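Basis for what follows: all heavy atoms, side chains included, without hydrogens, waters or symmetry-related copies. Just so it is clear, the model here is predicted, and its values are computed rather than measured.
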Amino acid sequence: MASTSQTLAGWRWRQHGSDGDWNPCSHSRPTTEIFTDLLDAKRIPDPFLDRNERLVQWVGETDWEYECDFVHQPDNDHSRQDLVLEGLDTFATVYLNEQLILISSNMFHRHRVIVTDKLQSGANILRITFRSALREGRALESKHGKLRAFNGDSSRVHVRKAPYHYGWDWGPILLTCGPYREIHLESYSSMAYDVFANPTVSEDLQRCTIDVSWGAALDQDAVVDVTVTSPSKLVFQAQSTLAAHETQGSVSLDIPQPELWHPAGHGPQVFYDVEVQIRSSHGTSLHTSTSHIGIRRLRLVQEPLEGEPGTSFFIEVNNQPVYISGSNWIPDHSFLTALTQEDYKKSVEACLEGNQNMLRIWGGGIYEHDALYAECDRQGVLVWQDFMFACGQYPCYPEFAASVKREAVDQLKRLRQYCSVVIYAGNNEDYQVAEMLKLDWDPNDHSGDWTKSNFPARTIYETILPAVVSEHSPGVPYHPASPWGGNGTEDRTVGDIHQWNVWHGSQEKYQLWDKLTGRFVSEFGMLGFPSAKSVSRFVTDPTQRYPQSAVLDHHNKADGSERRLALYVMENIRADSMRLDSWIYATQLMQAECLASAVRSCRRQWKGPGREYCGGQLIWQINDCWPVSSWSLIDFYGERKLAFFATKRDSAPLALGIGRSTPELKKLKSPPPQLLGPPHDLVDKEYVYDVWAVNTTLQKAAVSVEVRLYDTQTGELRQTISLGNQILGANRSTELAEDCAVDDRTAVQAIMRHSDGSVVSRASDWPQPLKYVTLPTAYDIKLRVLEGRVEISSDAPVKGLELYLADEEREIRWDDNGVDVFPGDTYVVQGAGLVKGDDVRMRYYGSDWVPNRAVPSV
């Protein structure tokens, strides 16, 4: 009599209204969408290649339909049958055996439809028509009024569909549709659904109460047994009885000495098993639901700080502050059904590989696949979850508000089981849009209903969503927006900020990043080209493989990208060649320098209890949804950019930092309106550097630190300075040396070692901008290629040395790259898949233009 679940698959498709033959999908997956099916059938060119995106826009303006067969064998023990549809993209009408059962207009709704009286014994047909979201959205826009949207067609704000499908400043316009989430037929007599095990941990972490609740569909009186099994196999049980007419139930269990789930780096990731079993009064099992939960105590801490205005903004788990080094996450593909569970696993592993501990699921994408959250739970990566609103002036008319409220309920009931989700945010940058458009936004107006204003979505962000989160995911903090807090969205002293004054905005020099930090920097970035290996995959015409080609411009959606990218390269990097490989290296080195500077600046401000002046930073962005020049750390094909490795080094649990400035600039809290003093080429400036260390582990660290000063032109070691033995406080930064004099021809290297002499961390600082640096006329760089690693040494300081294999078909996964190498310090880079004697090559800053440079000895 136990319930059964059947996943529907075997789809076929055709253009709606054509009355043509059905086209079988070439795969047997339970999920699909029109673009992947058209590609498989060779009906369209690959929109990821060349400029083919322009040739497939008709797909998003067309209606499509899908159909599948399934067999149902009635069971006298199962009086009920539900069709469960996890997600339809987007305007969908569903027929079962040609009987209308559902009309859906929200990609993020989940549906449970009773179909008992519509099923046939034996063969059944499910058919779904999908109307063009673009045309439907424009009809809604005509009815309800045009509102502003930044990125994509303005009609998108009326449509509850993944905003990035409409195009973004890193993504294509590919308006796909289809059954993108699974559809199940469930047969049962009695069932528990929407099971929620909600743990509440005492302040001293010594006790936990788990409130287990569920919805019920019963055809008889029933007994509900709830069993909770700890990671160490302790068993806790409770029982409840439900009458046939009751639709909800709950029990509470007390757990002494709970075994806690911790974020990566703070402790183990352990899970309790929760089983809810419905039995008949005779003891027969009717339905069993199982889930796994992590127990943790969670707080968003916003408290006054010592010596600085505003309040802190950081995550605390199990009474331990957690400094966040992470990234923003966009959907990993323009076609979601092309992704596998293994793809999500690798993405979370890449996050940890980069010494990151948080992904922000950005509000212009989707509420992600369960596989991503499950991996974050398993590997200890925290999740910042936006609701799906981004960069727009959204409406709030009654049917829209009702759809959004149901969307929030549907998704929260799914996401609340994941302990990695530690904060919800109402939207991405919509309050910045309100500021930009000068919409009605009075922070002192707390009426709760702004639907009659020209900023009606404020009602969603400040009334509807917080109420839904409080009801369905209690204990997880809600933040009205990102960014949000203080006196407007650019207030660096309260809440979070998006720091786009490097690249966008005032386009500050990235050397001033220490003047741009905030209490929590949830977005910042710098654009860089994808790897040359990746370019050769999506630019099929070799004559288009140059930096300014039409194809490469098409694969760069950033507003003003040609000017801004050239500006930052030309301000900072000497580029004597516009060959593609040289330009790629220049943009990636510049991106790496910028983002590493930002990470160092933010982490330095994590100074301990009461002095958490910055609680974390989230890089924009870790991934791409198609092949593109963007702000990503990892390009679409999985190639790590130099910025991935640079930020990995600076996000390590134990890391050194060096900062160079002038005494005048160092005193400032914000970037100056212009460089201080006379023009820089008329006077010699004085420079000073600081050295600090960051320890985000929970234990003190005993280390020794040495600083070396090198002449950048001759490679000569000018001075060695011992900073002695140091005890680094746990979970904070420590200043090691301040206001040390240095000139504009000196590179600074610092090395931190354990007591056994092993290197813990390296840091280096070069005169800025790099384009002025005079390098040696020749190098003697040695690469020693061994099994699984390369040993690098040099007779003079080398900036940004990148290793690559001559054979591009081989896949080598480097653990580091783009490294700075100094004399007397052999740098070892691990390379998974590397074989002794492999033809490993290198490029480094100046390798294109240093005259008479020596051929490296290998």
Side chains of Tyr845 and Glu802: is there a donor and an acceptor less than 3.5 Å apart? no
Counting only heavy atoms not in Glu738, do more than 12 sit closer than 6.0 Å to its CD atom? yes
Please walk me through it: do Asp739 and Lys666 pass salt bridge (Lys or Arg N to Asp or Glu O under 4.0 Å)? CA-CA 9 Å; Asp739 296 327; Lys666 191 175 177 184; 2.6 Å; yes
Backbone of Asp780 reached by a side-chain donor or acceptor of Asp795 within 3.5 Å: yes
So, Trp631 versus Asn328: side-chain donor-acceptor pair below 3.5 Å or not? no
Backbone N/O of Lys836 and side chain of Glu787: donor-acceptor pair under 3.5 Å: yes
Nearest heavy-atom approach of Ser420 to Val381 is CB-O, 3.2 Å
Assess the side chains of Glu259 and Ser232: does a donor N or O sit below 3.5 Å from an acceptor N or O? yes
Mark yes or no for whether Ser312, through its side chain, and Glu303, through its backbone, hold a donor-acceptor pair below 3.5 Å. yes
Between Thr712 (side chain) and Thr774 (backbone), is there a donor-acceptor pair under 3.5 Å? yes
Check Lys641 against Pro530 and note the closest heavy-atom contact, atom names and distance. CE-CA, 4.1 Å
For the residue pair Cys419 and Gly294, what are the closest heavy atoms and their distance? CB-O, 3.5 Å
Whether Phe822 and Tyr710 hold their rings parallel, tilted or perpendicular, with breakpoints at 30° and 60°: tilted
Check the side chains of Gln356 and Ser327 for a donor-acceptor pair under 3.5 angstrom, ignoring hydrogens and angles. yes
So, the side chain of Lys799 versus the backbone of Gly846: is there a donor-acceptor pair under 3.5 Å, distance only? no
Between Tyr844 and Val819, is there a donor-acceptor pair closer than 3.5 Å when you use the side chain of the first and the backbone of the second? no
The residue among Trp692, Phe520, Tyr613, Phe314 that forms ring-ring contact (aromatic ring centres under 6.0 Å, His included) with Trp606 is Phe314
Establish, for the pair Arg843 and Tyr804, whether the NZ or CZ atom is under 6.0 angstrom from the six-membered ring centre and no further than 45 degrees off its axis. yes
Quick one about Ser325 and Gln617 (side-chain donor to acceptor, distance below 3.5 Å, no hydrogens or angles considered), yes or no? yes
Test item: side-chain donor near acceptor, Gln257 and Gln206, under 3.5 Å: yes
What verdict does the salt bridge (Lys or Arg N to Asp or Glu O under 4.0 Å) test give for Asp514 and Arg604, after you've listed the backbone C-alpha separation in whole Å, the side-chain angles of each residue and the deciding distance to 0.1 Å? CA-CA 9 Å; Asp514 61 321; Arg604 186 182 186 181; 5.8 Å; no
Residues Lys771 and Ile573: closest non-hydrogen pair is CB-C, 3.9 Å
Using side chain to side chain contact (heavy atoms under 4.5 Å, CB included) as the criterion, point out the one residue from Val759, Leu801, Asp820, Asp816 that pairs with Tyr827. Asp816
When you measure from the side chain of Gln591 to the backbone of Leu589, do you find a donor-acceptor pair of N or O atoms at a distance under 3.5 Å? no
Between Ser632 and Asn623, a side-chain donor and acceptor under 3.5 Å: no
So among Gln511, Glu593, Gln768, which one has a side-chain hydrogen bond (donor to acceptor under 3.5 Å, both in side chains) with Asn572? Gln511
Between Ser202 (side chain only) and Arg207 (backbone N and O only), is there a donor and an acceptor less than 3.5 Å apart? yes
Main-chain N/O of Thr517 paired with Arg492 side-chain donor or acceptor, under 3.5 Å: yes
Nearest heavy-atom neighbours spanning Leu527 and Met590: O-CE, 4.0 Å
Could you check whether the rings of Tyr344 and Trp329 sit parallel, tilted or perpendicular, using 30° and 60° as the cut-offs? tilted
Will you find, in the side chains of Thr746 and Arg718, an N or O donor that is under 3.5 Å from an N or O acceptor? yes
Arg708 with Asp825: basic N within carboxylate O range, under 4.0 Å: no
Could you tell me whether Lys533 atom NZ has more than 12 heavy atoms of other residues or ligands within 6.0 Å of it? yes
Which heavy atom in Pro258 sits nearest to a heavy atom in Ile295, and how many Å separate them? CB-CG2, 4.4 Å
Donor-acceptor pair, distance only, cut-off 3.5 Å: does the side chain of Glu791 make one with the backbone of Leu783? no
